[in-house]
Amino acid sequence: MKKLRKFTFVRTFIYVLFGLGLSFCKFAPAFASTSSIIIDAESGDILSSSNADELRYPASLTKVMTLYITFDALNKGIIKLDDDLKVSRHAANMAPSRLGLRAGSTVKVKTCIEALIVKSANDCATVLAENLGYSEKNFAQTMTKVAKELGMKNTTFRNANGLPNKAQKTTARDMALLGAAMYHHFPQYYKLFSLKKFTYKGKTIYTHNNILKTFEGADGMKTGFTNAAGFNIITSAQRDGHRVIAVTMGHNTAKARDRYVAQMMDKGLKRLALNDHIKDSNMYASLESKKVIKEESTTQTASITQTDSKTDWENSSTQDKEATEKKNQWGIQVGAFSNYSKARSYALKIKSEAKKLASNPIDIEPVANGSAIIYRSKIVGMEKTTADKACQNLKRKNKSCIVVAIKNDNSLLLANSQY
């Protein structure tokens, strides 16, 4: 298996980040109460939250980041599912839960992944870390670096498995970002989080993630527990074309945690379904209204010849439609960066400096550049003249920019936020 000295990451577009603005504030000691957040996985909109920025111990939710880095290595061909990984004495001596690996033996990458997801095996997490980063300490530094790149501003990792360490902290909001990244970046591996069992040396091992068994539409991701952290979970579910990602942390029992997260997801999915119903009703009413107007207009103008049959309201409607299509289809590109986080941060910086752009959304566009991806940082939602003027103003301040037309491709834009 290839040795890994430098582990770099190419990020695909993570549009769930768009709705998750973080606020900069000082955090009090954690664990005064539970923390939770639930988001719409497709838009990134926060459906509800409570103490989402409170610092907490992640416990075994840590393993989601270990798996994120593992999946990235698989994508790059650095490792393969059937590669044999060496088991060190350090890994073999990890505290439970563990698979029971022996020092000096080997274990398949695939087995380690399954054991992390189903059994939450601490020894397997350390095996992955050591084989990808030479030491668990080095691997934890990579984990923290990747967390920052994903926008997890308040997360620090010290090990690969989530065993107690006072310096290893995160927030419910950051865990939601990680869950969104996992779902959107690695859809080919995300399905593994729905595993309810796997076989190792002839023995079948079953999951203790009961949400997979009890909640309709649930298909991952990870539970976690330590005495200091309490009972945590990051999970996802889909129904009727909608998907939510939910995190709740710090519960006294697994049952209380599962009951609470099930209520969160049920309410979130119902809310998204209701929003669809309202949109459909409004669209239907609008179409019916236009139909009545058109029928009345047709009756009133029946005597007009074919060449003059287009009525004033039709002309007006057509003009309004054309104007609407052209309006706000322009923006300014202010830079191109090697990673998403830098592109997003710079666009927000430009917005904060140019007050007239404060209400405009941001579009971070990933573009293939050979074997890499660059991220074009744009501020959008303008008319052509407004974009021209905004770019001219930036250039007068020695800020580079170009005016660009925005394609109507339904790409998701970053909602206004303070982050």
Side-chain angles (χ1 to χ4, degrees), residues 1 3-4 7 56-74 79 81 83-144 146-147 155-170 175 178 182 192-193 195 197-209 221-234 249 254:
M1 188 188 73
K3 294 288 187 179
L4 177 64
F7 203 76
R56 293 190 175 275
Y57 299 128
S60 284
L61 302 193
T62 299
K63 295 182 176 78
V64 178
M65 178 58 84
T66 301
L67 288 167
Y68 183 93
I69 294 174
T70 300
F71 294 156
D72 191 81
L74 285 168
I79 56 174
L81 287 172
D83 279 343
D84 291 316
L85 305 180
K86 293 181 180 179
V87 180
S88 70
R89 185 176 299 278
H90 173 65
N93 289 336
M94 284 293 112
S97 174
R98 59 192 177 195
L99 194 58
L101 304 175
R102 293 185 178 183
S105 66
T106 61
V107 60
K108 298 289 186 185
V109 172
K110 181 175 182 290
T111 300
C112 279
I113 292 171
E114 292 173 337
L116 258 67
I117 292 171
V118 176
K119 188 173 175 57
S120 197
N122 295 320
D123 50 357
C124 285
T126 300
V127 166
L128 287 170
E130 290 178 340
N131 281 267
L132 287 172
Y134 287 110
S135 74
E136 190 165 15
K137 180 180 178 180
N138 289 344
F139 187 76
Q141 291 173 350
T142 298
M143 294 169 72
T144 301
V146 174
T155 295
T156 301
F157 292 109
R158 288 291 183 265
N159 59 50
N161 46 43
L163 285 171
N165 186 307
K166 290 183 179 180
Q168 185 148 288
K169 297 288 186 67
T170 190
M175 284 291 110
L178 178 56
M182 181 64 80
L192 294 172
F193 284 98
L195 283 174
K197 62 181 180 180
F198 77 105
T199 301
Y200 177 66
K201 291 187 175 180
K203 181 181 178 181
T204 300
I205 300 171
Y206 295 89
T207 184
H208 47 257
N209 185 355
M221 298 178 184
K222 190 76 189 70
T223 60
F225 168 78
T226 64
N227 289 330
F231 289 87
N232 302 338
I233 191 170
I234 173 173
M249 308 176 73

- Message: Under the rule for ring pair (Phe, Tyr, Trp, His ring centres under 6.0 Å), what residues qualify as partners of Phe225, not counting sequence neighbours?
- Response: Phe231
- Roughly how far, to the nearest 0.5 Å, is CE of Met143 from CD of Glu136? 8.5 Å
- Item | Partners passing side-chain contact (heavy atoms from CB on, under 4.5 Å) against Glu114 (at least two apart in sequence or in another chain) | Lys110, Leu195, Phe198
- Can you name the residues that form a side-chain contact (heavy atoms from CB on, under 4.5 Å) with Thr156, not counting sequence neighbours? Thr144, Lys148, Arg158
- Item | Step-by-step side chain to side chain contact (heavy atoms under 4.5 Å, CB included) determination, Ile117 to Leu67 | CA-CA 9 Å; Ile117 292 171; Leu67 288 167; 3.7 Å; yes
- Closest non-hydrogen atom pair, Gly162 against Thr226: O-CG2, 3.9 Å
- Kindly write out the residues that satisfy side-chain contact (heavy atoms from CB on, under 4.5 Å) with Ser135, not counting sequence neighbours, or none if the list is empty. Lys137, Asn138
- Give a yes-or-no answer on whether the side chains of Lys222 and Ser60 include a donor-acceptor pair shorter than 3.5 Å. no
- Asn232 side chain reached by Met175 side chain, heavy atoms, under 4.5 Å: no
- Message: Test of understanding: with ring pair (Phe, Tyr, Trp, His ring centres under 6.0 Å), list the residues that count as partners of Phe139, not counting sequence neighbours.
- Response: none
- Note on the structure: Smallest heavy-atom separation, Ala121 atom then Leu116 atom, equals O-CD1, 3.6 Å
- Message: Under a 3.5 Å distance rule, please check whether Asn122 uses its side chain to pair with a backbone N or O of Ser97 as donor and acceptor.
- Response: yes
- To the nearest 0.5 Å, tell me how far Leu128 CG sits from Ile113 CD1. 6.5 Å
- Electrostatic pair Asp84:Lys108 at N-O distance under 4.0 angstrom: yes
- Task: Output yes when a side-chain donor or acceptor of Asn131 lies under 3.5 Å from a complementary backbone atom of Leu85, and no otherwise.
- Result: no
- Query: Between CD1 of Ile79 and CG of Leu74, what distance do you get to the nearest 0.5 Å?
  - Reply: 4.0 Å
- side chain to side chain contact (heavy atoms under 4.5 Å, CB included) between Ile205 and Leu99: does it pass, once the steps are laid out? CA-CA 10 Å; Ile205 300 171; Leu99 194 58; 3.7 Å; yes
- Item | Residues forming a side-chain contact (heavy atoms from CB on, under 4.5 Å) with Thr204, sequence neighbours excluded | Lys197, Thr199, Tyr206
- From Leu178 atom CG to Thr170 atom OG1, the distance as rounded to the nearest 0.5 Å: 8.0 Å
- Query: Distance from Asn159 atom CG to Thr126 atom OG1, nearest 0.5 Å?
  - Reply: 7.0 Å
- Query: When rounded to the nearest 0.5 angstrom, what distance separates OG1 in Thr142 from CE in Met65?
  - Reply: 10.5 Å
